[in-house]
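Right, one structure below, let's go through it.
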Protein chains: 2
Amino acid sequence: MVNTILVAVPLLGVLALIFMFIKRAGVSKLDPGNELMQRIGKNIYDGAMAFLKAEYKVLAIFVAVVAVILAVTADPGTSSIMIAVAFVLGAICSALAGFIGMDVATKANIRTTQAARTSLGKALGVAFDGGSVMGLGVVGLGLLGLGSLFLLFKGQFAGDILITDATTAEAAQTAMLRVITVITGFSFGASSIALFARVGGGIYTKAADVGADLVGKVEAGIPEDHPLNPATIADNVGDNVGDVAGMGADLFESYVGSIIGTMVIGAAFMVMPAFYETDLNGLNGVLLPLVVAGIGIIASIIGTFFVRVKEGGDPQKALNTGELIAAVIMLIGTFFAVTTLMPDTWSAVNSNGDLTTYTDMGVFYAILLGLVAGLGIGYITEFYTGTGTKPVQGIVDQSLTGAATNLIAGLAVGMRSTAYPILVLCTAIIGSYYFAGLYGIGIAAVGMLANTGIQLAIDAYGPICDNAGGIAEMAGLPKEVRERTDKLDAVGNTTAAIGKGFAIGSAALTALVLFAAFMQTARITSIDVANPFVMAGLFLGAMLPFLFSAFSMEAVGRAANDMIQEVRRQFNEIPELKAALAMMKRAGHDTTKYSPADLAIFNAADGKADYEKCVEISTQASIREMVMPGLIAVLAPVVVGFAPQLFGAEPAMGAQMLGGLLAGVTSAGVMMAIFQSNAGGAWDNAKKMFEEGASVQGTIYHKGSEPHKAAVVGDTVGDPFKDTSGPSLNILLKLMAVVSLVIAPFLV
Amino acid sequence: MVNTILVAVPLLGVLALIFMFIKRAGVSKLDPGNELMQRIGKNIYDGAMAFLKAEYKVLAIFVAVVAVILAVTADPGTSSIMIAVAFVLGAICSALAGFIGMDVATKANIRTTQAARTSLGKALGVAFDGGSVMGLGVVGLGLLGLGSLFLLFKGQFAGDILITDATTAEAAQTAMLRVITVITGFSFGASSIALFARVGGGIYTKAADVGADLVGKVEAGIPEDHPLNPATIADNVGDNVGDVAGMGADLFESYVGSIIGTMVIGAAFMVMPAFYETDLNGLNGVLLPLVVAGIGIIASIIGTFFVRVKEGGDPQKALNTGELIAAVIMLIGTFFAVTTLMPDTWSAVNSNGDLTTYTDMGVFYAILLGLVAGLGIGYITEFYTGTGTKPVQGIVDQSLTGAATNLIAGLAVGMRSTAYPILVLCTAIIGSYYFAGLYGIGIAAVGMLANTGIQLAIDAYGPICDNAGGIAEMAGLPKEVRERTDKLDAVGNTTAAIGKGFAIGSAALTALVLFAAFMQTARITSIDVANPFVMAGLFLGAMLPFLFSAFSMEAVGRAANDMIQEVRRQFNEIPELKAALAMMKRAGHDTTKYSPADLAIFNAADGKADYEKCVEISTQASIREMVMPGLIAVLAPVVVGFAPQLFGAEPAMGAQMLGGLLAGVTSAGVMMAIFQSNAGGAWDNAKKMFEEGASVQGTIYHKGSEPHKAAVVGDTVGDPFKDTSGPSLNILLKLMAVVSLVIAPFLV
């Protein structure tokens with residue numbers, strides 16, 4: 001059976017890719033709308049590709065340099081070259097997933113707009129199919145990459161593992177750990193790309209947003225989604241860069257990291273008689289995460305077919321149905337997999353040193369717990385950031401006394417919102433450990449992430465609808481079209497909030513799994529916080545999320561400034577833009593809204609705004625500003641891992657201090673991620689509530705009122721919080737854990 | 001020699017109190033100024049006393065309840081009644097220190113104003129003498145309380161300790177640990193009062209500040225320091241409540257906690273032949289922290305006499321001179337104490353399990369490191385928050401584009417400012433451990449805090465000068481008086497920033513010392529973060545500072561709202577106030593500044609503004625809002641300590657998980673404290689820079705300009721950050737560590 005599974009796993013990855021191509025072809029052949037829509041769409045598409053091209057150019061150099069370093073220095077016990085190969089493959093898969101997602105998202109957007117001209121159901125279908133391409137691409141490439149590497153390296157380093165007694169079991173375990181150590185490179189590759197996609201993408205999107213907003217809206221008096229606004233394309237590209245490519249790379253990293261981490265932990269089962277006596281090779285603990293991921297792919301594919309809505313129906317309900325069906329299928333499949341692959345009971349020493357009996361049902365419960373925890377954290381996020389919820393209404397109320405009280409309220413909501421997700425996370429940690437030991441924590445993370453296919457489809461659906469709305473506005477389509485896209489977009493905001501919570505929760509659990517894998521690889525059994533090196537590591541680790549957030553926020557400030565200068569320059573120096581603006585004003589048009597009546601004016605100035613220059617500025621700034629945070633994330637574990645030796649301590653103390661660093665960065669990083677994401681989300685929706693007319697103490701306040709202006713300040717502060725510094729921390733946690741795992745063999 | 005030291009320690013506490021009374025008498029007999037000044041002064045004094053009375057009433061109940069619980073349940077191995085007695089004494093000493101500080105500060109303020117009418121030097125002298133009363137009161141009561149309890153309980157539980165061999169040494173150690181466990185109650189008492197003083201004080205001062213500012217300044221158009229403003233007295237009282245009583249209780253807690261924690265760690269030396277063979281009783285490791293604190297008292301007293309300035313001189317230099325002289329005396333004295341009390345060399349097993357040789361000079365270096373680290377963190381704080389420094393100028397620059405960019409810049413500065421203090425702290429932890437093991441970390445904390453006498457004198461000097469300036473304004477004194485108080489006040493801002501950094505650094509180190517003492521008492525030798533319970537504890541711990549900050553910020557919002565309603569009511573309902581305001585406006589007076597020309601109008605309305613009601617509202621709100629954060633701080637360690645037993649784990653696992661909780665709350669708490677304090681401080685000074693005319697890109701912007709208004713928003717957001725939620729975290733860390741230490745015997 002082992003060989004069947006080994007071959008089936010990459011094939012399930014291929015299956016996901018096949019469905020991805022089918023969905024992609026389906027989206028591509030749809031009507032892209034009228035000429036203006038196509039022109040706008042092409043500009044966004046070109047901008048997105050320009051960003052990816054520039055980013056991948058830098059990435060290629062980075063990947064090549066790190067690959068050479070890895071090939072030369074990586075664990076001498078394994079084949080260094082192979083780690084480098086796995087690293088490059090991981091980077092390529094992640095980059096490819098990002099490309100696929102961006103490509104389809106920037107095609108699906110205009111087609112969603114066009115579909116919205118006829119029906120809500122069709123528009124939902126296009127947007128969700130676009131999201132599905134991203135989701136299936138991520139899990140397909142992830143499982144195909146992991147599965148093939150495992151198949152390849154297992155043959156190379158471990159051969160046919162034949163375990164007959166305790167001695168052969170130990171030899172097989174050593175060989176298997178060598179195999180998985182090599183595959184760690186794949187995870188490291190994925191993390192590196194994620195860093196660029198999340199941090200760089202976050203800087204990109206906010207620089208463009210601020211530029212389009214501040215100069216376009218405030219100074220020139222035209223809306224951000226206006227063809228005369230030079231930063232408008234960069235802004236629309238930014239939505240895709242941040243929420244599609246960034247989120248995709250983030251979940252790709254979690255998906256791959258949680259599987260690999262659990263494989264490392266599962267290798268512990270290889271030497272247990274309960275495993276090797278009842279199952280072929282005793283490999284089942286290592287294989288289970290791959291199998292669960294494979295089941296998740298099937299569940300996700302089936303789930304996507306249930307996302308349907310009729311005119312006047314509720315898109316949210318359609319998405320929920322798809323997700324629920326996928327979850328049920330995944331659980332049923334997993335139940336059979338667990339009971340087939342795991343022994344009924346086995347005994348192992350838990351970390352208190354007691355011999356404990358575990359059962360296969362315990363493993364299933366851990367998976368269930370992981371799945372529920374992931375959704376739970378998502379829904380808590382929605383409670384703290386959703387339109388009209390009590391916390392957001394509180395921010396709306398406080399906007400009455402000005403920007404300062406709006407800000408204090410938002411900061412307090414963000415800080416307070418850390419409590420419940422952490423309680424859920426702690427319950428998942430303790431519960432899954434109670435059910436299935438350390439392996440339980442790993443498999444819970446896999447369970448949380450197994451349905452990434454459909455989860456990410458729902459996440460990516462949001463920015464596609466957002467773009468579709470912007471295009472409807474720019475193309476001057478009739479009101480009912482905008483109403484349909486708005487309806488889809490409103491649901492997109494909810495799914496985005498849930499997706500953000502899910503991303504943080506899964507990042508935390510993945511970091512913990514990698515942490516456990518790191519300890520196993522570094523051969524340390526405990527990390528004692530009472531040890532001063534570990535305590536110092538803990539403090540340093542807890543400090544890094546703050547420093548990292550400061551860097552990314554300041555980076556947004558600088559990048560936005562570059563963009564502001566450029567947009568101002570274009571308005572001043574391009575005669576056609578100047579003339580068009582002047583004409584619109586002379587004609588008495590309301591320049592604060594785009595109106596189809598301006599089409600002639602727009603056509604006269606068409607092609608004159610230098611969109612590419614703005615895209616380039618955002619791209620360059622994001623790449624330039626990524627260097628420092630990236631270096632911190634990669635170098636901090638290396639420095640801390642080797643520092644204690646300078647104080648005369650043994651190498652193992654480096655592993656301990658590094659463990660402290662990881663504990664600090666994970667705990668403080670999760671809090672800062674939740675705090676910043678939720679504060680930003682809550683401010684955003686408080687502002688939106690005013691735009692729809694918010695009621696405070698019986699009075700309705702609208703757009704343009706003083707409280708609305710206060711809420712706009714909060715939203716602007718929240719922007720880098722929720723789109724740059726907050727989500728970047730997900731990557732920081734995981735990347736530092738992966739780097740630690742890679743250097744672990746040197747700290748033994 | 002032991003008996004000499006045992007008696008000398010409380011006597012040095014008495015010496016500090018004698019000098020305190022001398023300084024207090026000196027301040028009291030000074031000229032309190034003209035009738036108006038005296039009337040204003042009396043209102044502030046009465047308000048301060050009203051606050052203390054209300055607070056102490058609630059505290060008395062709290063202390064009585066906890067004392068009864070302690071008496072009934074505390075460690076059955078020791079005398080529970082005695083722990084309760086120590087607890088009550090600790091609470092009384094801390095409360096008494098707060099009373100002394102508030103009493104003298106509200107007397108020194110008008111006398112500083114009066115002295116400023118003649119000379120800068122005299123005014124500095126009065127303000128600093130006022131601060132010295134607080135400083136000497138804190139260290140005097142601390143050492144007297146600790147020393148007497150030690151003398152008393154040692155006699156009761158340990159008798160004359162006569163160590164002759166290993167067996168008698170172990171028996172003596174057990175007896176001694178019992179003695180120190182009882183004294184822990186003193187620290188718990190001090191922490192409880194500190195919670196009320198810091199959290200309650202923080203809420204009080206901001207509620208009053210916002211009320212005076214928003215309604216008085218913005219709505220009625222009169223300055224906050226105006227006799228017609230009903231909240232003005234509450235506002236002035238608030239400065240004292242927060243910065244005098246709050247800071248005093250905070251440092252009192254650190255002072256006492258670090259000494260007791262080090263005594264617990266020092267008891268480990270009792271069973272080492274190197275100690276009991278070369279010194280009487282082997283008690284020296286336990287006595288050294290008391291001796292160092294005693295030397296610090298002498299050094300502080302001498303140092304206070306060197307704080308002098310001539311007209312036109314630099315008050316900062318005078319304060320630095322006093323501090324430097326005290327530091328040098330402390331180091332010289334400590335050098336002799338360490339070389340006398342400690343053996344030349346001894347060997348002990350360090351936490352890596354290796355036998356290491358330590359020397360007496362190593363202990364001295366640890367003390368030196370602690371002293372330098374405390375000052376270092378203070379000066380780093382000044383760099384990030386001081387007027388005209390690069391980070392603050394950056395916030396000023398960003399104010400040009402509005403409140404949002406000002407806020408993002410301030411948040412980034414606060415987050416970034418965590419890096420260097422943490423590097424200093426980690427260096428102190430690893431360095432002092434390298435020099436003298438775990439005891440090194442403890443004695444470093446004692447070294448940092450030994451000069452609390454003069455350090456706190458400098459801290460308390462600030463709010464006295466601040467008050468003095470306000471009184472000069474309200475009493476309409478000539479311009480040169482205000483110039484002198486402004487000069488003193490400017491220095492006060494710097495010392496306040498340094499003091500805040502020092503308070504955080506010392507809180508962190510004290511929490512670590514108490515943490516080590518907790519482990520010793522709970523008899524656990526390691527806290528393994530790889531254990532899921534510990535990991536969950538770490539996450540919960542890291543979450544608490546966020547939740548605690550959210551609670552205190554929201555509390556400020558609610559309390560400020562109460563105050564706003566009351567001030568509005570008074571302006572509407574009190575005819576004399578209405579009439580006076582109308583008269584001032586009719587007379588064409590500039591109501592945005594207080595002018596002596598309004599004296600007649602003021603006299604007509606005198607006594608009509610209901611100051612007491614505003615003081616009462618702030619007081620009631622602060623007490624009401626303290627309940628929730630207080631319960632969290634006290635109950636979280638208890639719940640976490642006993643929770644694992646519910647999951648079938650052994651009691652020791654509770655101690656481990658509690659260890660995780662403490663590690664999490666200390667690491668994340670220190671970051672959040674630094675982040676919030678420094679962001680708030682930086683925003684405050686950015687605003688002040690505009691008020692003095694700030695230069696941005698070659699243009700000077702003044703008070704009332706758009707960038708200044710943006711900076712005011714930042715300052716308002718920063719107020720609860722730096723004066724409520726930030727400093728409250730110092731208490732959270734220490735209180736949770738002390739509670740853990742108290743319940744530790746139950747978790748064995």
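Everything quoted here is computed from the prediction, not taken from an experiment. Atom set for the values below is all heavy atoms of this structure, side chains included, hydrogens, waters and symmetry mates excluded. Chain letters run A, B, ... following the sequence lines, proteins first and then strands; every chain starts at 1.
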Looking at every heavy atom in both [X] and [Y], which two are closest together, and how far apart are they?
X      : Y      : answer
B:P532 : A:I441 : CB-CD1, 4.2 Å
A:I430 : B:A536 : CD1-CB, 3.6 Å
A:M415 : B:A550 : CB-CB, 3.9 Å

| task | Test side chain to side chain contact (heavy atoms under 4.5 Å, CB included) on A:I429 and B:F533 and set out the steps. | result | CA-CA 8 Å; A:I429 293 171; B:F533 283 109; over 6 Å; no
| query | If contact means a heavy atom pair closer than 4.5 Å, which residues of residues 656-664 of chain B contact chain A? | reply | B:M657, B:A663
| Does any pair with a residue in residues 545-557 of chain A pass salt bridge (charged side-chain N to carboxylate O under 4.0 Å, His left out), and if so which ones, sequence neighbours excluded? | A:E554-B:R416
| query | So how far is it from B:L411 CG to A:F546 CZ, rounded to the nearest 0.5 Å? | reply |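 So the CG of B:L411 and the CZ of A:F546 are separated by 11.5 Å.
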| said: To the closest 0.5 Å, what do you measure between CG (A:L407) and CE (B:M553)? | reply: 10.5 Å
Pairs of heavy atoms under 4.5 Å with chain A: top-ranked of [options]:
options                        : answer
B:A409, B:C426, B:G402         : B:C426
B:S667, B:P720, B:A508         : B:S667
B:T405, B:V529, B:L547, B:V210 : B:V529
B:D715, B:V713, B:I408         : B:I408

Let me know if [X] has heavy atoms under 4.5 Å from chain A in its side chain, its backbone, both or neither.
X      : result
B:T716 : both
B:Q676 : side chain
B:T427 : neither
B:L512 : side chain

| query | Is a donor on one side and an acceptor on the other found under 3.5 Å between the side chain of A:D528 and the backbone of B:I527? | reply | yes
Interface moiety of [X] toward chain B, non-hydrogen atoms closer than 4.5 Å:
X      : result
A:T418 : both
A:V670 : side chain
A:M535 : side chain
A:S432 : neither
A:A516 : neither

| query | Within residues 537-545 of chain A, which positions have a heavy-atom distance to chain B below 4.5 Å? | reply | A:L538, A:F539, A:L540, A:A542, A:M543
| query | Can you name the ring pair (Phe, Tyr, Trp, His ring centres under 6.0 Å) partners of A:F721, sequence neighbours left out? | reply |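 For A:F721, the residues satisfying ring pair (Phe, Tyr, Trp, His ring centres under 6.0 Å) (neighbours in sequence not counted) are A:F675.
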